[in-house]
Amino acid sequence: MADLGCGFGWTARWMREQGAKSVLGLDLSNKMIERARADTADDAIEYRIEDLDTLTLPLAAFDLAYSALAFHYVEDFARLAQTIRKALAPGGNLIFTIEHPIFMAADNPRWTTDDKGKRTWPVSGYSLEGERRTDWFAKGVLKYHRTLATTVNTLINAGFQIRQLAEFAPSFDQIRQMPRLAEELDRPMMLIVSAST
Ligand SMILES: C[S@@+](CC[C@H](N)C(=O)[O-])C[C@H]1O[C@@H](n2cnc3c(N)ncnc32)[C@H](O)[C@@H]1O
């Protein structure tokens with residue numbers, strides 16, 4: 001399998017524990033890859049520094065391509081989707097999460113309270129796709145906003161069949177255990193997509 005934007009490599013190691021024959025972990029960040037390598041003692045996991053915007057992959061080489069919260073940093077999603085589609089073996093799957101387009105549409109979305117004390121979130125410029133800036137670990141981190149339709153249609157145009165979309169929302173039980181999850185009921189922050197060849 002391939003883990004695109006693998007960070008510290010914890011998913012790569014977990015996938016191996018679940019029985020993956022081999023894992024290729026790719027990330028733009030030298031620091032992430034260094035740490036992933038330092039934390040991994042497994043010859044069947046390879047980590048490589050790669051930019052997903054210029055990535056090339058061998059044809060029909062993977063059964064599963066996975067990515068967590070990395071694709072919204074990619075400018076040319078159409079190119080990446082085509083690259084992944086060709087790199088998957090017949091019957092292969094692509095599963096990924098991105099920041100939900102509703103959450104991403106506004107730069108640095110933060111809630112405010114209205115005059116009734118109710119939390120409100122900004123959704124502005126939803127249909128204006130392109131660069132967004134956010135302060136997250138560093139100031140002004142660059143992301144690329146795409147509408148939900150663009151994300152899904154890009155996958156369809158690359159030859160994927162969409163299997164399922166999920167928009168994470170906590171259960172009341174989860175909120176009881178972790179009250180700060182309540183704001184996840186206000187707007188979806190995360191989109192999870194499952195697609196197959
Ligand atoms: C939010 S972190 C998620 C890391 C990991 N997937 C996880 O779930 O722990 C996003 C990762 O995407 C990587 N990334 C951002 N832009 C990238 C690009 N153009 N090509 C490859 N990796 C990129 C970052 O270096 C970072 O490791």
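We count ligands from 1, going down the list as the structure has it; atoms in each ligand are counted the same way.
With respect to the salt-bridge test (charged N to carboxylate O, under 4.0 angstrom), the residues Glu99 and Lys143 qualify. The pair Glu184-Arg180 does not count as a salt bridge, with every side-chain nitrogen at least 4.0 angstrom from each carboxylate oxygen.
The immediate protein surroundings of ligand 1, defined as residues with any heavy atom under 4.0 Å of it, consist of Gly5, Cys6, Gly7, Trp10, Asp27, Leu28, Ser29, Met32, Glu50, Asp51, Leu52, Ala68, Leu69, Ala70, Tyr73, Trp136.
Using modelled atom types and a 3.5 Å distance limit, the side chains of Ser22 and Glu46 yield no donor-acceptor pair.
Within the structure, the salt bridge (charged side-chain N to carboxylate O under 4.0 Å, His left out) test picks out no pair touching residues 69-83 (sequence neighbours left out). Legend: salt bridge (charged side-chain N to carboxylate O under 4.0 Å, His left out) pairs involving residues 19-37, not counting sequence neighbours, sorted by first then second residue: Arg35-Asp39.
By the side-chain contact (heavy atoms from CB on, under 4.5 Å) test, Leu128 is found to be paired with Arg132, residues two or more places apart in sequence or in another chain being considered.
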